[in-house]
Amino acid sequence: MSTKGASLKGLLLVALLVSHMLLTKEGVTSLPICPNGSVNCQLSLEELFDRAVKLSHYIHFLSSEMFNEFDERYAQGRGFIAKAVNSCHTASLTTPEDKEQAQQIHHEDLLNLILGVLRSWNDPLIHLASEVQRIKEAPETILWKAVEIEEQNKRLLEGMEKIVGRVHSGEVENDIYTPWDGLPSLQLADEDSRLFAFYNLLHCLRRDSHKIDNYLKVLKCRLIHDNNC
Amino acid sequence: DLLQWPQISKCRSPEMETFSCFWTAGNFYNLTVPRILQLLYKKSNEEDWKECPDYITSGQNSCYFNASYTSVWTPYCVQLASKNEVYDKKCFSVDEIVLPDPPVHLNWTLLNTSQTGIHGDIQVRWDPPPTADVRKGWITLEYELQYKEVNETKWKELKPRLSTMVPLYSLKTARDYEIRIRSRQRTSEKFGEFSEILYVSFSQIGIGCDHCTEEVEFPWFLVVVFGVCGLAVTVISIMLSKQPRLKMLIFPPVPVPKIKGIDPDLLKKGKLDEVNSILACHDNYKTQLYIDDLWVEFIELDIEDANEKNRASDTDRLLSEDHLKSDSCLGGKDDDSGRASCYEPDIPETDFSASDTCDATSDSDHFKKAAEKEEDLLCLDRQGNDESLPSLASTDPQRQHRNSQSVNSQPWAPFGDSVESPRPSVHTQISNQNSLTSTDFYAQVSDITPAGRVVLSPGQKSKLGRAQHEGCTEQNFTMDNTYFCEADVKKCIAVTSHEENEPHVQEQGYNEDGYFTTESLTTTVANLGASTAAPLSSETPVADYTSIHIVQSPQGLVLNATALALPDKEFNVSCGYVSTDQLNKIMP
């Protein structure tokens, strides 16, 4: 009899704990741990979008700063701007280029595009973080920003996949992806060419992070706030 | 004027949907045939340069690209050219050149006022620029508000924020304010233009306080008053507190010049005569200090006195008390003045020569002159070696006592009066001796006879040049001091006795070498001590003086080893003094 009572008490305690956990989730400032497939533990779509927008803004902010620092430190006097063809490896992905296009595209397609761009940047960011350390006298700020961007990009990718899983009604298409082949250019022996490759890559990163940030904000305003941010 | 080429001044997009480029024509225009400037543009993925689609909308010397021509994240290049020449070129992408329009519809509302009505809080609201499509989230804007009083020149800035309303706190209701706002894209650095100025006037809504112009200034007067009061209270509390440490810390005691026993007023007045007399006349304190504070620095030798007293009994002279009393001495003076001061280590540097009233003082003078050597004072009897060290004197207890007494009496003699009859004025005798030797300034008082006479040990004797060395050279005397044990002297005397010309009278012996031995008093053989002392002493290096290290008791002194090289001797060999090391070896 005592064991039965004890097990009942234990069960009650567990139930109380779980309910407490669920009830206080609003006060959580950090991402709670939601086991996959768990029905009870779920962030709202609004919350997910909020977090995604924050992350994308942060990534764009870091990319912008990193580019400016690199430009200041290495690109002055080399005429990189004039030479800049700015062919980013993600140019092959047809993304909306203006507001109308962004308004017209379906949100699911836009989400997929976002996912595709993020995935395409996964690889280059890893290599960027490692190769930028080989630049002669690279400032510490550039180094840690590269690492930070790579980490945050992973997190944003996870968040986007969650959103996509939430929003998508049908099958999730995961074939949007552009491979990156710019690694050899980052490892060129000639310093000028190598620095130009970095300059290009950072420029593309700044642009693409801005794109993603914008798309997410558009989606958020559209889906959550009904075009009334 | 300098020649200025046409150049593109800037390209700008207010809302990330359109953009315009502006240029300056330069001063070519006036000089030559007016050239037609063209703006050509090219997207990065295109080959050909195209001409500007709209030269008008944005004003003169501008080119406007509407939404259909604008691709946001596409790189553009524009160039300013005429038919043949390219004057300027710029490459950019539209997302990099976003400079939003200023906000519109600024207004303010009163939140509340302070109780006195002097200050008030307001809320400022505005709308985002109409061109920027913020509602669809296409562009996210940040706003920076600046405000100032109407007659001020410098604007105060608030931090950029995303919201379109901001409160302003603690504005003076008596003053009017100006407010302006500008915006920028959130991740950019550059701001757009400022909005129109918003005027804030409290009097318009009827709460202006015209007479409330006084400003709360920093109450300096109150601060000073309270600070002084607090400090005074603290100081008083510290002074009155019973915590001695705290008091010492904050108010360290100021050392007052004070010689123990001397009235400071005397010193102030500068009457040295009186001071000297006081220092000389401390009868009662002598005894105490003998026991407590024994140290000998030097013994005064009065050379003049020695000449006067021919063959008189030097001992008598030593022991006589006449010279020791000063006319001005106040015997038995009970007050504190001057008594202890003589025995203070740091005192007798003053010039006592001014006073002749006391022999003591004059003696001290001589002492100072002669104060170069310090001889050993105690003679260690070999027999007494095994005994406990504190009794460094001879085995004879009586002698010990006398020794100590004699020793004790030495330093005080110069200052001194006769305190006790047995206390001799050593100085007179010594000075007598010194006149003969002219080098010896010290004499060890080894004993005091029952009659109260002083017996001095033989000391350094190099001047008289005795030849009778041999007998005593056998002895392994410790020549590092100038005194000899009686035993040694005895032996020496015995050896050399045959060489003596005649048994010296004690006094005569004194005259020759100025030293006494204990033996010489008790036996007639002792008078040879002087002669024997000479050879013994002349051979050996002599320590000049030995400082007293420890005062063990009234019966003994422990002396430090001298600076001169002392060959290490065993204790039982040495006759003279015991160094502290030897002492340490012996003592438990």
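All chains are named by letter (A, B, ...) in the order of the sequence lines, taking the proteins before the strands, and each is independently numbered beginning at 1.
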So which part of A/Q101 gets closer than 4.5 Å to some heavy atom of chain B, the side chain, the backbone, both or neither? neither
Counting only heavy atoms closer than 4.5 Å, note whether A/N68 contacts chain B via side chain, backbone, both or neither. side chain
Walk me through it: do A/H203 and B/E96 pass the test side-chain hydrogen bond (donor to acceptor under 3.5 Å, both in side chains)? CA-CA 11 Å; A/H203 196 266; B/E96 295 164 6; 3.0 Å; yes
Would the number of heavy atoms belonging to other residues, nucleotides or ligands and lying under 6.0 Å from [atom1] of [X] be above 12?
X	atom1	answer
B/I56	CD1	no
B/R161	CZ	yes
A/Q76	CD	yes
A/F61	CZ	no

For the [atom1] atom of [X] and the [atom2] atom of [Y], what is their distance to the nearest 0.5 Å?
X	Y	atom1	atom2	answer
B/D133	A/C229	CG	SG	9.5 Å
A/N227	B/K136	CG	NZ	6.0 Å
B/T74	A/D98	OG1	CG	9.0 Å
B/M16	A/H210	CE	NE2	4.5 Å
A/K211	B/W73	NZ	CH2	7.0 Å

Counting distance only, does the side-chain N/O of A/N214 pair as donor-acceptor with the main-chain N or O of B/W138 below 3.5 Å? yes
Looking only at A/K217, A/E100, A/E65, most heavy-atom pairs under 4.5 Å shared with chain B are made by A/K217
Among residues 182-200 of chain B, which ones touch chain A with a heavy-atom distance under 4.5 Å? B/Q185, B/R186, B/T187, B/E189
Hey, which residues of residues 65-72 of chain B are touching chain A, say heavy atoms under 4.5 Å apart? B/A67, B/T70, B/S71, B/V72
For chain A, which candidate among B/V94, B/T140, B/V134 shows the most heavy-atom pairs at distances under 4.5 Å? B/T140
